[in-house]
Amino acid sequence: MKRISLEKLLNQHKYLSYQEQYELVLRQIQDSRIKPVKASGTNGKSPSLYREYWVLEEAKDYTLLEQELKFSLLPVLSVDFYLRHLDIYEQDRHWVLMLNEYLRHNRHKLDSRESLNERSFEIWGREKFLTREQGRRILKRCGLDECFLNTYSTTEPLAYYSHTREVPQKLLILENKDTFYSMRCHLLEGNDTILGTGTGTLIYGAGKGIVRSFQDFSLCVEPYMKEPENQIYYFGDLDYEGIGIYEKLADLFSAEWEIRPFLPGYKAMLDKAVPYTIMNLPKTKEQQNRNIRELFFSYFDRDTVQYMKDILEQDRYIPQEILNITDF
């Protein structure tokens with residue numbers, strides 16, 4: 001509603017007599033076009049008029065939209081929400097009708113999985129409609145779950161270096177980029193072992209990114225890497241975050257793989273850290289999630305576990321970068 005003064009309301013009707021102006025205002029009130037602001041007081045004339053009025057918006061007729069919802073959309077699309085909010089349907093209508101047409105003529109395409117962006121473009125002609133625009137909201141308003149569209153999320157592809165494709169072999173996931181590069185250079189120089197352990201493939205984990213990327217391991221890697229006889233190891237910083245990444249990764253994929261800590265790497269880090277003494281090691285970065293369990297420690301002997309816990313409990317850590325190519 002918009003507030004307007006009596007003077008402005010009658011501005012274009014100055015040629016009328018006061019009685020005619022009064023009747024004009026009265027008709028507009030009766031037709032629900034305006035409503036008096038009683039707090040504004042009257043103009044002191046007879047018959048009196050209020051000094052200010054609310055200009056009322058004309059109520060929209062949604063009859064056609066209501067009929068469309070009831071009789072034009074496929075039964076798979078719920079119309080309950082939109083029947084209660086016809087004004088919102090008016091805004092969403094273009095996208096809802098595109099979804100309706102897709103399901104009417106191309107529902108068979110849902111039998112094949114596609115990426116979110118591919119399906120989004122297929123239905124709405126906009127590749128980011130489901131991920132960055134109102135696609136998910138419209139699905140919800142239509143009573144559909146995202147899984148109805150039979151899509152999958154894409155992740156950053158695993159970056160890896162294959163030194164050999166022989167199987168069985170050891171695959172080593174590395175938390176940090178420097179260690180990945182240095183170990184790759186070491187193998188490219190003609191070496192077959194890292195810290196005395198034969199290693200066939202290096203995988204760059206990119207910190208926490210490995211948890212998401214590894215979800216597509218069976219889909220995006222070469223066949224030799226998926227051989228069940230292979231063994232997968234993880235090697236990262238010796239801090240709460242690095243241990244947490246390992247434990248989450250190991251838990252999530254325990255049904256398919258037993259991912260183990262790379263013991264030679266961690267032991268080499270600990271040995272090289274001895275001359276520094278614990279309090280001369282770097283301080284633990286702030287805001288690290290310290291909620292780790294015993295899975296990581298269960299692979300080490302008691303003395304090694306105690307040494308690692310002493311480091312962590314004194315808010316210190318050992319970065320992977322303590323090791324370099326000359327150590328491998």
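As the structure is a computational prediction, the values presented were derived from the model and not from experiment. Excluded from the calculations below are hydrogen atoms, water molecules and symmetry mates; all remaining heavy atoms, backbone and side chain alike, are included.
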### Query
Is there a side-chain contact between L172 and T201, using heavy atoms and a 4.5 Å cut-off?
no
### Short side-chain donor-acceptor distance under 3.5 Å, Q320 and N176
yes
### Query
Does R260 come within less than 4.0 Å of E258, counting only side-chain N to carboxylate O?
yes
#### Entry: Pairs flagged by salt bridge (charged side-chain N to carboxylate O under 4.0 Å, His left out) wherever residues 174-191 is involved - sequence neighbours left out
none
### Query
So which heavy atom on L74 is nearest to which on N100, and how close?
N-OD1, 2.9 Å
### Task
Give the intermediate values and the outcome of ring-ring contact (aromatic ring centres under 6.0 Å, His included) for residues F129 and W95.
CA-CA 10 Å; F129 192 72; W95 308 111; 4.6 Å; yes
### Message
Check the orientation of F296 and Y246. Use parallel for under 30°, tilted for 30 to 60°, and perpendicular for over 60°.
### Response
perpendicular
### Query
Does a sphere of radius 6.0 Å around OH in Y181 hold more than 12 heavy atoms from other residues, nucleotides or ligands, not counting ones at 6.0 Å or beyond?
no
#### Entry: Results of ring-ring contact (aromatic ring centres under 6.0 Å, His included) for Y204 - residues two or more places apart only
F180
### Task
Decide yes or no for R27 and I34: does some side-chain heavy atom of the first lie under 4.5 Å from some side-chain heavy atom of the second?
no
### Query
Any side-chain hydrogen bond (donor to acceptor under 3.5 Å, both in side chains) pairs touching residues 73-87, not counting sequence neighbours?
Y82-D92
### Task
Might you work through the salt bridge (Lys or Arg N to Asp or Glu O under 4.0 Å) test for D327 and K272, ending with a clear yes or no?
CA-CA 10 Å; D327 297 303; K272 200 168 182 180; 2.7 Å; yes
#### Entry: 4.5 Å side-chain heavy-atom contact, E222 and S162
yes
### Query
Below 4.0 angstrom, N of the basic side chain to O of the carboxylate: do R119 and E127 qualify?
no
### Test ring-ring contact (aromatic ring centres under 6.0 Å, His included) applied to Y160 - qualifying residues, sequence neighbours left out
none
### Message
Applying ring-ring contact (aromatic ring centres under 6.0 Å, His included), can you list everything that pairs with F262, at least two apart in sequence or on another chain?
### Response
F235
### Message
Between L171 and Q231, does the side-chain contact (heavy atoms from CB on, under 4.5 Å) criterion hold? Intermediate values first, please.
### Response
CA-CA 6 Å; L171 290 78; Q231 178 59 57; over 6 Å; no
### Task
Keeping to residues at least two apart or across chains, list the ring-ring contact (aromatic ring centres under 6.0 Å, His included) pairs with something in residues 302-328.
none
### Query
Just wondering, do L323 and T179 contact through their side chains at under 4.5 Å, heavy atoms?
no
### Message
Does either side chain, that of N280 or that of T277, offer a donor lying less than 3.5 Å from an acceptor on the other one?
### Response
yes
### Task
Side-chain contact test, heavy atoms from C-beta onward, threshold under 4.5 Å: evaluate it for R126 versus F121 and give yes or no.
no
#### Entry: Salt-bridge contact E90-R93 (side-chain N to carboxylate O under 4.0 Å)
no
### Y53 versus S40, side-chain donor and acceptor atoms under 3.5 Å
no
### Task
Compare every heavy atom of N43 with every heavy atom of L6, then report the nearest pair and how far apart it is.
CD2-ND2, 3.8 Å
### Query
Just by distance, with hydrogens left out, do D315 and Y240 show a side-chain donor and acceptor under 3.5 Å apart?
no
### Query
Does some side-chain heavy atom of T151 sit less than 4.5 Å from a side-chain heavy atom of E118?
no
### Query
Will you find, in the side chains of T199 and Y233, an N or O donor that is under 3.5 Å from an N or O acceptor?
no
### Query
Q19 and P47: which non-hydrogen atoms are nearest, and at how many Å?
OE1-CD, 3.8 Å
## Note on the structure
One should read off an interatomic distance between L144 CG and L149 CG, to the nearest 0.5 angstrom, of 7.0 Å
### Query
At their closest point, which heavy atom of P264 faces which heavy atom of T197, and how far apart are they?
CG-OG1, 3.4 Å
### Query
How long is the span from the CG atom in L69 to the CG atom in L65, to the nearest 0.5 Å?
7.0 Å
### Message
Which heavy atom of P36 sits nearest to which heavy atom of I29, and what is that distance?
### Response
CD-CD1, 4.2 Å
### Task
Starting at CG of L64, measure out to CG of L86 and round the result to the nearest 0.5 Å.
11.0 Å
### Task
Please examine the side chains of V37 and R51, heavy atoms only from C-beta on, and report whether any two atoms are closer than 4.5 Å.
no
### Carboxylate-amine/guanidinium contact E146 R136, below 4.0 Å
yes
### Message
With salt bridge (charged side-chain N to carboxylate O under 4.0 Å, His left out) as the test, pick out the partner of E52 among R3, K38, K8.
### Response
R3
### Query
Side chains of E66 and T63: donor-acceptor distance under 3.5 Å anywhere?
no
### Task
Might you work through the side chain to side chain donor-acceptor pair (under 3.5 Å) test for N324 and T326, ending with a clear yes or no?
CA-CA 5 Å; N324 57 58; T326 63; 2.4 Å; yes
## Note on the structure
Closest non-hydrogen atoms of L281 and A273, given as atom of the first, atom of the second and distance, are CD2-CB, 4.0 Å
### Query
Can T164 and Q169 be counted as having a side-chain donor-acceptor contact under 3.5 angstrom?
no
